[in-house]
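All chains are named by letter (A, B, ...) in the order of the sequence lines, taking the proteins before the strands, and each is independently numbered beginning at 1. These figures come from a predicted structure and were not determined experimentally.
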There are 2 protein chains.
Amino acid sequence: MDNINKKEFKNTFIKCIEEKGLRHTKQREVIVDAFFSAGRHITSEELFNIVKKKYPEIGYATVQRNLNLLCKCCLAEEIKIGKQKTRYEQKYGNMHHDHLVCLKCGRLIEVNDDKIEKLQEKLAKKNNFTPIKHKLEIYGICADCKSK
Amino acid sequence: MDNINKKEFKNTFIKCIEEKGLRHTKQREVIVDAFFSAGRHITSEELFNIVKKKYPEIGYATVQRNLNLLCKCCLAEEIKIGKQKTRYEQKYGNMHHDHLVCLKCGRLIEVNDDKIEKLQEKLAKKNNFTPIKHKLEIYGICADCKSK
DNA sequence: AATGATAATGATTTTTATTATCATTTAGTA
DNA sequence: TACTAAATGATAATAAAAATCATTATCATT
């Protein structure tokens, strides 16, 4: 099942780079594979270290560049929390979610609330503002850290 | 009226540094004054340029340090939007608000919605997460930019 | 299959914001 | 007034991400 998703993910990427007139390379293959298989919120450095194992000649810049490219293809999104390094989150299609951020362990928990989404639309409209996207982060202490 | 707020603001600052056993300096005086009187979302660089006019010998580091100090006193808060420089926002007491961020002109509009706040509490609770603070940013196009 | 245009790569440098360092000055008290 | 430690100002360090650039690889065309 994960393989099906992976296939879809890669196909979307391929379609996207073809639309842009970009090229298919071995490095891109390896990077996109690794990005899909990695955790949900990875830094460029972490991804670089993973990719290096499969493709030792790869350069850091290539990983960084292709993460940026994934963002342009809407397959990844930057998340910046406090002073942490930018993390890159996988995005399948239009699925959106917000984050609970634990201030103790740094864990990111993905959440969703339709009512909040709708109220945000309303709030924007009230200000004659056309919303395109949004970011909601709730900072606090996660269940695990509370029980410790 | 603004002067009363300013007085309160400065008193809070003075109280805060005294609690921490820190000292009162001319530079702090000038920086806090300028910060209060400046726009709602200022960068350290902008503030430095303002302060320099009243106090030309001042160093950038001093402005930066005191902005950080204001944050520790809960009189300022960092706002980081995209790749922009960190901006510092005035905070009076506990007043909280969210932001509409215009993707065209970069303008920040402060908004508030009690219902959203309450739903956030609920959402956190549902995940056994103790919320401390949150950040909601809605990105889109502001009224001014739409009419252009 | 060879060619040529140009995108991509990898190594490195640059940029840029913020923090740290440190000698000197200053504040606040004893 | 002197002393102690905080604050300052100039500068260096840090660190993440972007830019540069010579070289290599891709891919449409022939």
B/Glu57 near the nucleic acid: base, sugar-phosphate alone, or nothing, with a heavy-atom cut-off under 4.0 Å?
-> sugar-phosphate

List the steps and the verdict of side-chain hydrogen bond (donor to acceptor under 3.5 Å, both in side chains) for B/His134 and B/Gln120.
-> CA-CA 9 Å; B/His134 69 263; B/Gln120 283 178 21; 3.1 Å; yes

Whole-Å gap separating C1' (D/dT26) and CD (A/Glu29) = 14 Å

Please give, in whole Å, the distance from D/dT8 P to B/Leu67 CG?
-> 12 Å

OP1 or OP2 of D/dA16 less than 4.0 angstrom from a side-chain nitrogen or oxygen of A/Ser44, does that happen here?
-> no

Does the side chain of A/Thr86 get closer than 4.0 angstrom to OP1 or OP2 of D/dA16 through an N or O atom?
-> no

Using atom types as modelled and distance alone, determine if a side-chain donor or acceptor of B/Ser37 lies under 3.5 Å from a backbone N or O of B/Ala34.
-> no

Between residues 16-27 of chain B and DNA chain C, which residues have a heavy-atom gap below 4.0 Å?
-> B/Arg23, B/His24

note: B/Tyr60, atom OH; D/dA12, atom P; distance rounded to Å ~ 17 Å

Candidate nucleotides C/dA20, C/dT19, D/dT8, ranked by approach to the side chain of B/Arg65 - the nearest = D/dT8

Do the rings of B/Phe9 and B/Phe36 sit parallel, tilted or perpendicular, given the 30° and 60° boundaries?
-> tilted

Could you tell me whether the phosphate oxygens of D/dA7, OP1 or OP2, come under 4.0 Å of any side-chain nitrogen or oxygen in B/Asn66?
-> no

Should D/dA28 form a Watson-Crick or G-U wobble pair with both distances under 3.5 Å, which nucleotide is its partner?
-> C/dT3

Here the pair of heavy atoms bringing B/Lys80 nearest to A/Gly82 is NZ-O, 3.8 Å

Return the minimal non-hydrogen interatomic distance between A/Asp113 and B/Leu119, and the atom names on each side.
-> OD2-O, 4.4 Å

Using only side-chain N and O atoms of B/Asn68, determine if any of them is under 4.0 Å from OP1 or OP2 of C/dT18.
-> no

Given the options B/Lys85, B/Gln84, B/Glu89, B/Arg87 meets side chain to side chain contact (heavy atoms under 4.5 Å, CB included) only with B/Gln84

Figure out the OH/P separation between A/Tyr55 and C/dT9, and round it to whole Å.
-> 9 Å

Would you kindly give the CD-to-P distance between A/Gln64 and D/dA19, to the nearest whole Å?
-> 11 Å

Is the shortest heavy-atom distance from the side chain of B/Leu75 to the side chain of B/Thr12 under 4.5 Å?
-> yes

B/Tyr139 six-ring face occupied by A/Lys133 cation (under 6.0 Å, within 45°) | yes

The Watson-Crick or G-U wobble partner of D/dT1, with both key distances under 3.5 Å, is C/dA30

B/Glu46 CD to C/dT16 P, straight-line distance once rounded to whole Å | 16 Å

Pick the nucleotide of DNA chain D nearest each of A/Ala61 and B/Thr62; which residue has the one closer to the 5' end?
-> B/Thr62

Nearest whole angstrom, please: distance from the P of D/dA18 to the CG of A/Leu69.
-> 13 Å

A/Lys83 side chain N/O closer than 4.0 Å to the phosphate oxygens (OP1, OP2) of C/dT19?
-> yes

Nucleotide D/dA10, atom P - distance to CD1 of B/Ile58 in whole Å | 10 Å

